[in-house]
Protein chains: 2
Amino acid sequence: MNHSEIMIDRVLVHLFNDLLRIEEKTLQKKIGDLSMREVHIIEAVCASQKEDNTMTVLAATLRVTVGSLTVAIKTLERKGYVIRQRSQSDKRRVHVLPLPPALEVEKHHRAFHARMVEAVTSTVPPQELDVLIKSLHAIYDYFYDQEEA
Amino acid sequence: MNHSEIMIDRVLVHLFNDLLRIEEKTLQKKIGDLSMREVHIIEAVCASQKEDNTMTVLAATLRVTVGSLTVAIKTLERKGYVIRQRSQSDKRRVHVLPLPPALEVEKHHRAFHARMVEAVTSTVPPQELDVLIKSLHAIYDYFYDQEEA
DNA sequence: GCCCTATCATTTGAACTTCAAACATTCGAG
DNA sequence: CTCGAATGTTTGAAGTTCAAATGATAGGGC
């Protein structure tokens, strides 16, 4: 691999990994007794549209089994971040709803992401930003086509 | 966040996690009884320069505590992928050396990364690749300056 | 209405990863 | 030589995840 290729590899592999750590460090004071994993579960709960906040849908969004999510949500419920509600129309379904502490955490979490994106857009010259976006689109599409196959 | 910003966020956050899954799926048949975590430990062991293969240095590279690495290396040693050698010059130090099975795994692992980079370079038009590389450099530098602060 | 299957969720036991703290050994400066 | 620093190991606990077993409900076909 040449220099540019090593750069691409490093970004693809390490940057994203390290961003998670930076995120954790940045949010440390805001998330209290939550792990980053729990923060991202809260993110999914807050972001879910009406009727899309069932265990099965959330688990698919988060790419874990429903069993794993049950364990996680049980903890978050105990900690007072979410509540569960049996669906009235289909009593097999469980809807997960955020409580105020979850909304508060998600506010900080969203703010971090906004700052992160701002960091990119402010770092790359405007005339080059279009090319970057286009490239990222292409890369994103490529890998997601791969994954589906 | 507008459309482009959402794209940046998505790439920065999700692509990494998904790449790790794609990597795992791709290498599945090659890595036998190893987890991806173990593959990346083997990568660090194989990539370490002479005298940089001690527990402390490897742990720093992998961003885990030395205690964690001890546990992991112990397993890899039992599985026959690495061996440990006490340093002669400094008997506190332990050098970790790859055995043939580790070299074999690392070969497949490196090949995957090469294909991944190839995917990017072949997806993005040549004239736009320069801009992409330059942008990635800027982004990379930005976040790593952040982290040190 | 009654079965049978599919769907949705929970529980449980096991595996993996990680860390902090306690401990042991060795080195090196004074 | 002595003592603090550096290097690793061990251990116990916590977090995450999954597969498999289980329970409950829904819905179609009879």
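A, B, ... follow the sequence lines: proteins, then strands. Residue 1 opens every chain.
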Distance only, no hydrogens: is a donor on one side chain within 3.5 Å (strictly under) of an acceptor on the other, for A/T56 and A/T54?
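No.
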With a 4.0 Å cut-off on heavy atoms, is B/V94 in touch with a base, just the backbone sugar-phosphate, or nothing at all?
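If one applies the 4.0 Å heavy-atom cut-off, B/V94 turns out to touch the sugar-phosphate alone, with no base involved.
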Select base, sugar-phosphate, or nothing to describe what B/T54 touches, counting heavy atoms under 4.0 Å on all strands.
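Contact class for B/T54: sugar-phosphate only.
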Decide yes or no for [X] and [Y]: does some side-chain heavy atom of the first lie under 4.5 Å from some side-chain heavy atom of the second?
{"X": "A/E128", "Y": "A/L132", "result": "no"}
{"X": "A/I139", "Y": "B/V11", "result": "no"}
{"X": "A/E23", "Y": "A/M116", "result": "no"}

DNA chain D contacts made by residues 29-45 of chain B, counting heavy atoms under 4.0 Å:
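Result for residues 29-45 of chain B: none.
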Within less than 4.0 Å of OP1 or OP2 of [N], is there a side-chain N or O belonging to [X]?
{"X": "B/T70", "N": "D/dT9", "answer": "yes"}
{"X": "B/T65", "N": "C/dT18", "answer": "no"}
{"X": "B/R93", "N": "C/dT25", "answer": "no"}
{"X": "A/K74", "N": "C/dT11", "answer": "yes"}
{"X": "A/T56", "N": "C/dA9", "answer": "yes"}

Of the options D/dG8, C/dT11, C/dT10, whose atoms approach the side-chain atoms of A/V66 most closely?
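Closest of the options to the side chain of A/V66: C/dT10.
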Name the closest nucleotide to the B/S68 side chain, picking from D/dA26, D/dC18, C/dT18.
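The listed nucleotide nearest to B/S68's side chain is C/dT18.
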Hydrophobic clusters here meaning ILVMFWY residues chained together by side-chain heavy-atom distances under 4.5 Å, can you tell me if A/I6 and B/L19 are in one?
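Hydrophobic grouping puts A/I6 with B/L19.
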Which pair of non-hydrogen atoms, one from B/A44 and one from B/L58, has the smallest distance, and what is that distance?
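In terms of heavy atoms, the two residues are closest at O-CD2, 3.7 Å.
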Expressed as a whole number of angstroms, how long is the span from [X]:[atom1] to [N]:[atom2]?
{"X": "A/E24", "N": "C/dT17", "atom1": "CD", "atom2": "C1'", "answer": "14 Å"}
{"X": "A/R63", "N": "D/dC18", "atom1": "CZ", "atom2": "C1'", "answer": "17 Å"}
{"X": "A/R78", "N": "D/dA14", "atom1": "CZ", "atom2": "C1'", "answer": "12 Å"}
{"X": "B/Q85", "N": "D/dT9", "atom1": "CD", "atom2": "C1'", "answer": "18 Å"}
{"X": "B/L69", "N": "C/dT18", "atom1": "CG", "atom2": "C1'", "answer": "12 Å"}
{"X": "B/H95", "N": "D/dG8", "atom1": "NE2", "atom2": "P", "answer": "8 Å"}
{"X": "B/K91", "N": "D/dA6", "atom1": "NZ", "atom2": "P", "answer": "21 Å"}
{"X": "A/M55", "N": "C/dA9", "atom1": "CE", "atom2": "P", "answer": "7 Å"}

5'-most contact on DNA chain D: B/V71 or A/R92, nearest heavy atom basis?
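Residue closer to the 5' terminus by nearest nucleotide: B/V71.
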Parallel under 30°, tilted from 30 to 60°, perpendicular over 60°: which one fits the rings of A/H109 and A/H40?
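A/H109 and A/H40: perpendicular rings.
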